[in-house]
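Down below is the structure, laid out as structure tokens.
Proteins come first, then strands; the chains are lettered A, B, ... in the order of their sequence lines, and each starts at number 1.
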Amino acid sequence: MKLSDIMGYANLAVYAEVAMVIFLIVFLAIAVRLWLPGRQQALRDAARLPLDDDPTPAATPRGSTHG
Amino acid sequence: MSSAVLPMEGAAASPRLESFSYDDEIVRKFLWATFIWGLVGMLVGLIVALQLANPIFNQTEWLSFGRLRPLHTNAVIFAFAGNAFFTGAYYSTQRLLKARMFSDALSKFHFWGWQAIIVSAALTLPLGFTQAKEYAELEWPIDIAIAVVWVAFGINFVGTMVKRRERHLYVALWFYVASIVTVAILHIFNNLSMPAGLFKSYSIYAGVQDAFMQWWYGHNAVAFFLTTPFLGLMYYFMPKAAEGPVFSYKLSILHFWSLVFLYIWAGPHHLHYTALPEWASTVGMLFSVMLWAPSWGGMINGLLTLRGAWHKVAEDPILKFFVLAVTAYGMSTFEGPLLSIKSVNALAHYTDWIIAHVHTGALGWNGFLTFGMVYWLLPRLFQTPIYSKRLMELHFWIATFGILLYIVAIYSAGVTQGLMWRAFDETGRLAYPDFVETVVRLLPMYWLRVAGGSLYIVGMLLFGWNILMTWRKRPAKYEVPVITAPALAKKYVPEPSHVGAPVPAGLWARFAAAGWHRTWERMPITFTVLTTIAVVVASLFEIIPTFLIRSNVPTIATVQPYTPLELAGRDLYIAEGCFNCHSQMVRPFRHETERFGEYSKPGESVYEHPFLWGSRRIGPDLARVGGKYPHLWHVRHFENPPSITARSIMPAYPHFLTKTLDFEQIQSRVDAMAMLGVPYGDAVNQAPAMARAQATEIAAEIERQGGPAGLGDKQIVAMVAYMQRLGMDLKRQPTTVGVAK
């Protein structure tokens with residue numbers, strides 16, 4: 001008996017649906033978590049990370065990037 | 001690893017401060033490579049555009065369309081966009097993590113290794129060494145080199161995350177991580193092949209499965225080489241240029257996870273109405289349509305990052321480049337799902353519509369994001385004000401008009417050809433039965449494309465001039481600022497904003513405060529592993545059924561392996577890149593079966609290592625060409641296509657008639673195929689002799705038909721053998737079949 005026969009009889013189609021449901025749940029959990037009140041300040045801080053990182057000599061007339 | 005550790009006096013109470021500097025030398029190297037390869041890739045693009053507008057531009061064997069087109073795509077994707085991604089990633093990663101790259105040696109290895117790979121691609125593709133899989137054309141030794149260099153980059157990247165001094169991993173880094181791991185997986189699994197010599201190999205997959213793997217790879221090469229890395233760059237460099245944080249960090253997180261979850265499933269939309277099983281193409285379509293949401297979420301997030309800074313867009317060319325880039329991202333990700341809908345795809349597939357779609361994304365999104373990023377980086381990397389802001393403005397407008405001219409022309413070409421193929425006259429016959437009619441109608445638009453592309457290249461030259469002149473004003477010695485930052489404590493200590501928070505009551509609140517997602521983000525290796533799992537699991541659930549459920553590829557009794565000579569012809573077909581213009585996949589539409597013949601079945605391509613279904617019809621489909629014309633027709637046609645079809649734009653292949661076929665080499669080819677499970681029978685011992693016998697027959701037939709004598713040992717007989725075999729299996733009677741004669 002070949003592997004493909006075994007896989008054929010195993011009826012794995014349902015696993016793909018299970019995987020999709022798991023992905024959906026993980027995704028919803030991530031989404032819900034984002035809007036919880038306790039995290040808002042941390043997220044605001046994280047969003048500013050690119051602006052607080054650069055001590056390179058200011059070579060342009062642009063303003064400095066202070067958070 | 002040159003960061004010195006200096007314990008600071010008087011800092012005993014706070015975490016230990018460390019001093020280090022960023023490696024900007026590597027960023028400067030990648031920046032130069034971005035420009036140089038970008039220019040080369042676009043110039044090759046201009047040549048192939050000219051070749052389509054007029055075949056006179058196909059002058060030599062090595063620089064004909066079929067060989068140069070993969071060089072163009074590989075150069076702009078992996079050399080231009082690749083080096084652009086590395087430029088931005090090496091600059092931003094070090095700063096976001098407050099750490100120098102893990103290893104300077106690995107950074108250098110990555111840089112020089114990648115450039116060496118590009119050079120080897122530029123040499124091998126014109127020589128005809130190709131695996132015949134789009135964006136994965138490079139042969140196996142180069143594929144191994146790519147894997148090694150990519151893994152070195154991955155180690156360097158993860159190593160930097162491990163030794164970082166910033167607790168939170170900013171969202172741009174997530175996009176980089178997802179890109180690095182997914183590209184590695186895609187590259188390795190799509191390129192698994194059986195070598196048949198140093199520069200020849202056959203995909204271990206065949207037919208439907210190979211097509212499936214290729215477009216799982218091909219679509220995700222777009223997703224994880226041209227989209228996610230550049231989104232990472234967008235999330236870093238747009239806030240920098242706009243001098244304000246991203247519009248919504250939450251939206252960026254949703255954008256990330258939904259792209260990772262959805263993209264990996266979308267590949268089969270490249271194979272609608274082909275011999276791919278129906279369920280797979282439906283899955284591909286549904287997931288592609290779902291991609292609308294996160295893609296537009298991301299685009300809106302990018303554009304709204306400019307909130308409060310819109311007045312600056314008018315005067316700041318960098319912001320202009322970014323705005324157009326993000327707009328192009330929005331346009332092409334709107335169009336992508338649209339094209340994945342089967343009924344739209346029925347019209348657009350195999351036409352220039354896809355080429356227009358790709359160039360909106362590549363020229364607009366990847367190109368303009370790169371230009372904006374590089375212009376922002378120039379004064380910082382070369383530590384001198386930029387040479388000319390006016391040239392930047394000029395570059396922006398010239399390139400924008402170039403894109404418009406290009407895509408408007410090519411959209412029109414695509415829709416025109418798609419409609420002409422399916423047009424019937426009042427008697428129910430094809431309105432344009434002569435395929436070449438549907439090609440010559442496009443030539444004026446091909447000339448407009450040449451004009452549009454040329455404008456874009458003029459912009460590229462201005463870009464290069466600005467880089468060069470800024471570089472020339474650089475200081476004698478670059479300043480290397482020393483940065484101090486506290487080391488990360490081994491154990492996570494809540495940040496001050498969390499310390500005063502009241503103890504959460506209730507199950508839900510405690511779950512929320514547990515901060516599990518933040519904990520993931522804090523553990524770079526765990527995060528990388530989880531992202532990998534998401535990608536692998538999604539891939540497996542889509543791929544496994546195609547590979548292992550037998551009913552997905554019904555076998556056809558009369559389908560036999562190619563004879564050794566036909567196989568040699570097929571190898572020439574691959575080497576010349578014929579698949580770049582000719583499909584071998586008749587879709588089940590009346591206008592296609594009328595034009596080409598019986599529609600293609602999955603069982604027909606069980607010995608097709610690799611599959612040659614094609615993705616564009618600049619010439620007619622060849623799946624049913626066998627037996628359609630006499631041998632001499634093919635000889636004359638290869639020698640000089642216009643002598644058969646007056647207005648043909650096909651390059652001439654006179655060298656087929658003069659070059660000797662390497663009969664001895666055929667044995668190694670047959671052996672490799674046999675190793676892959678193709679039932680070759682006697683041919684595994686006597687391939688050259690069998691090939692010679694068939695070649696003599698064909699040469700005699702050509703002579704009988706009034707053609708030139710003495711072609712028996714020339715490449716042309718292999719090509720004729722292959723052409724005459726295509727589609728013949730279905731016409732054979734099961735009883736008369738022998739095993740690979």
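The two atoms that bring B:H168 and A:L49 nearest to each other are CD2-CD1, 3.6 Å, heavy atoms only. Nearest heavy-atom pair, B:P239 versus A:L51, reported as atom, atom and distance to 0.1 Å: O-CD2, 3.5 Å. The two residues B:Y235 and A:P50 come nearest to each other via the heavy atoms O-CG, 4.3 Å.
Legend: residues meeting side chain to side chain donor-acceptor pair (under 3.5 Å) with B:R474, ordered by chain and number and at least two apart, are absent.
In this structure, the side chain of B:K250 does not engage the main chain of A:W35 through any donor-acceptor pair within 3.5 Å.
For chain A, the nearby parts of B:S258 are the backbone and the side chain; heavy atoms of each come within less than 4.5 Å. Proximity to chain A is limited to the side chain of B:E166, based on heavy atoms less than 4.5 angstrom apart. Interface remark: B:F261 contributes side-chain atoms only to the contact with chain A (heavy atom separation under 4.5 Å).
In this structure, CD in A:Q40 is found 13.0 Å from OH in B:Y249, a value given to the nearest 0.5 Å.
Note on B:P245, B:A172, B:S252: by heavy-atom pairs under 4.5 Å with chain A, the leading option is B:P245.
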